[in-house]
Protein chains: 2
Amino acid sequence: MGNRGILRLSPFSRTCIVDLSCKSEYALLALIELSAHHASGEPLQIRQISAQQSIPDRYLEQLLATLRRAGLVKSQRGARGGYLLVREPWKVSLYDVVSCIEGFEGQPDGDKSPATSEALVVQGVWGEVRQAAEAVLQRYTLQDLLDQRNAKQQIDIMYYI
Amino acid sequence: MGNRGILRLSPFSRTCIVDLSCKSEYALLALIELSAHHASGEPLQIRQISAQQSIPDRYLEQLLATLRRAGLVKSQRGARGGYLLVREPWKVSLYDVVSCIEGFEGQPDGDKSPATSEALVVQGVWGEVRQAAEAVLQRYTLQDLLDQRNAKQQIDIMYYI
DNA sequence: AGTATACCCCGGTTCCCCACTGGGGTTTGC
DNA sequence: GCAAACCCCAGTGGGGAACCGGGGTATACT
């Protein structure tokens with residue numbers, strides 16, 4: 001999350017091994033907002049999301065453009081425009097979102113000298129690490145996050161009473 | 001892995017979500033070499049490891065210093081010096097190695113404005129992602145990598161015949 | 001005692017990418 | 001015609017990754 005002389009939103013965003021980038025976090029936050037708004041059928045605007053989630057609006061614009069190009073959201077230009085989810089929240093896995101935002105690196109370089117057998121072993125294990133991480137992301141959808149968000153807010157309301 | 005106009009050692013080193021950094025890969029490769037050498041009780045030198053695994057020796061020196069300070073390896077200075085594992089290979093998990101190399105980020109910032117409930121939900125899920133990845137790393141030791149390396153070399157020998 | 005070896009420490013470089021920010025064009029609704 | 005709101009492109013500053021270099025110190029050997 002943002003490290004540039006501003007308060008971090010997440011104390012966990014930079015820990016060992018598996019980092020949650022600002023991009024991914026902002027994208028998930030934005031999509032939770034879009035999920036909450038999905039039933040209304042009305043577009044949600046960048047400035048609404050950025051205000052609600054403390055995300056820089058111009059940066060969010062870039063992230064939403066990426067999501068739009070990947071078909072996860074669609075946009076409505078012009079006055080009263082904004083963004084909407086393309087699919088229902090329960091049909092969008094976190095893996096869909098994060099892999100879209102983080103992107104894929106290029107294919108193996110054909111002219112590369114062969115790796116040592118140790119390097120192949122390390123890569124094999126790292127493949128398992130990646131698969132384990134991706135399995136968790138594939139298990140959850142935006143709906144799950146929305147449900148957890150709603151449950152948490154319910155508890156907050158009860159504590160407030 | 002090294003990206004600077006040189007051939008990458010690993011085509012998988014920069015894929016989405018869970019990246020294997022050069023640091024971690026080099027450290028694991030070096031420790032596999034130290035594991036293979038462990039039974040001899042003799043130190044292994046930086047230039048031997050760097051030659052075998054195509055790792056820049058000055059960079060490897062830094063990584064080994066980190067490992068030494070963390071107590072995973074010990075060094076012998078002077079002529080015929082080098083590095084040795086402190087513990088047996090089957091007692092060193094990959095998690096030990098990678099968390100040492102990648103390090104921990106600082107503690108939560110006390111004066112941070114509280115995160116939104118959505119942010120807390122996202123962080124919760126990412127915690128599960130991290131735990132899943134770390135569980136895989138905790139499951140394997142250097143001995144496992146060495147065994148896989150040996151098995152692979154055995155197959156390569158058979159194919160060569 | 002001298003010398004070579006090999007680790008130890010500190011500092012530096014280059015490049016890339018992250019996390020933004022800005023300007024202006026185009027579409028849409030009123 | 002105008003304001004709202006998305007669209008596209010470019011740019012910036014800082015930090016860190018992936019290195020490299022110089023010189024000090026401990027150790028083994030002759």
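Model, not experiment: these values are computed from the prediction. Letters A, B, ... mirror the listed sequences (proteins, then strands); counts begin at 1.
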J.: Consider only side-chain heavy atoms of I, L, V, M, F, W and Y, link residues closer than 4.5 Å, and tell whether A:Leu31 and A:Val86 are in one cluster.
T.: no
J.: Measure from CG on B:Leu63 to P on D:dC20 and round the result to the nearest Å.
T.: 12 Å
J.: Rounded to the nearest angstrom, tell me the gap between atom CG in B:Leu20 and atom P in D:dA17.
T.: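 Rounding to the nearest Å, CG of B:Leu20 and P of D:dA17 are 14 Å apart.
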J.: Below 3.5 Å is the cut-off: list the nitrogen or oxygen pairs between protein and nucleotides 5-9 of chain C, distance only.
T.:
from	atom 1	to	atom 2	distance (Å)
C:dT5	O2	B:Ala79	N	3.0
C:dA6	OP1	B:Gln45	OE1	3.2
C:dA6	OP1	B:Gln45	NE2	2.4
C:dA6	OP2	B:Arg47	NE	3.4
C:dA6	OP2	B:Arg47	NH2	2.8
C:dA6	O5'	B:Gln45	NE2	3.4
C:dA6	O4'	B:Gly78	O	3.1
C:dC7	OP1	B:Ile46	N	3.3
C:dC7	O3'	B:Ser75	OG	3.4
C:dC8	OP1	B:Arg68	NE	3.1
C:dC8	OP1	B:Ser75	OG	2.5
C:dC8	OP2	B:Arg68	NE	3.2
C:dC8	OP2	B:Tyr83	OH	2.8
C:dC9	OP2	B:Arg68	NH2	3.0
C:dC9	N4	B:Glu61	OE2	2.9

J.: Could you check how far CD of B:Gln62 sits from P of D:dA17, rounded to whole Å?
T.: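 So the two atoms are 11 Å apart, to the nearest Å.
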J.: I need the single residue from B:Leu146, B:Asn150, B:Leu28, B:Leu145 that forms a side chain to side chain contact (heavy atoms under 4.5 Å, CB included) with A:Val121. Which is it?
T.: B:Leu145
J.: Given the rule that I, L, V, M, F, W and Y join up when any side-chain heavy atoms are under 4.5 Å apart, are B:Leu120 and A:Leu142 in one cluster?
T.: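 Not linked; separate clusters.
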J.: Looking only at side-chain N and O atoms, does A:Asp147 offer a donor or acceptor that is under 3.5 Å from a partner on A:Gln143?
T.: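 The criterion, which ignores hydrogens and geometry beyond distance, is satisfied for A:Asp147 and A:Gln143.
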J.: Five pairs per end, C1' atoms only: what is the angle between the end axes of the helix from C:dA1-D:dT30 to C:dC30-D:dG1, to 10 degrees?
T.: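 It comes to 10° between the two terminal axes.
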J.: Report the distance from atom CD of A:Glu42 to atom P of D:dA5, rounded to the nearest whole Å.
T.: 13 Å
J.: Considering all heavy atoms of both residues, which atom of A:Ala132 and which atom of B:Val136 are nearest to each other, and what is their separation?
T.: CB-CG2, 3.6 Å
J.: Taking the side chain as every heavy atom from C-beta outward, state whether A:Leu137 and A:Asp96 have any atom pair closer than 4.5 Å.
T.: no
J.: Side-chain heavy atoms under 4.5 angstrom apart, residues restricted to Ile, Leu, Val, Met, Phe, Trp, Tyr: same cluster for B:Leu84 and B:Leu29?
T.: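 Unlinked, B:Leu84 and B:Leu29 end up in two clusters.
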J.: A:Leu60 CG to D:dA5 P: how many Å, rounded?
T.: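 Computing the A:Leu60:CG to D:dA5:P distance gives 14 Å.
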J.: Can you check whether B:Gln153 reaches A:Glu118 side chain to side chain, under 4.5 Å on heavy atoms?
T.: yes
J.: Verify the distance criterion only: is there a donor paired with an acceptor across the side chains of A:Gln52 and B:Thr116 at less than 3.5 Å?
T.: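 There is no such pair between these side chains.
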J.: Given C:dC20, is OP1 or OP2 found less than 4.0 Å from the side-chain N or O atoms of A:Tyr26?
T.: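 Yes, such a contact exists.
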J.: Using whole Å, report how far CD of A:Glu102 lies from C1' of C:dC17.
T.: 12 Å
J.: How many whole angstroms separate atom CG of A:Leu34 from atom P of D:dC6?
T.: 11 Å
J.: Measure OH/A:Tyr59 against P/D:dT12 and give the value in whole Å, please.
T.: 18 Å
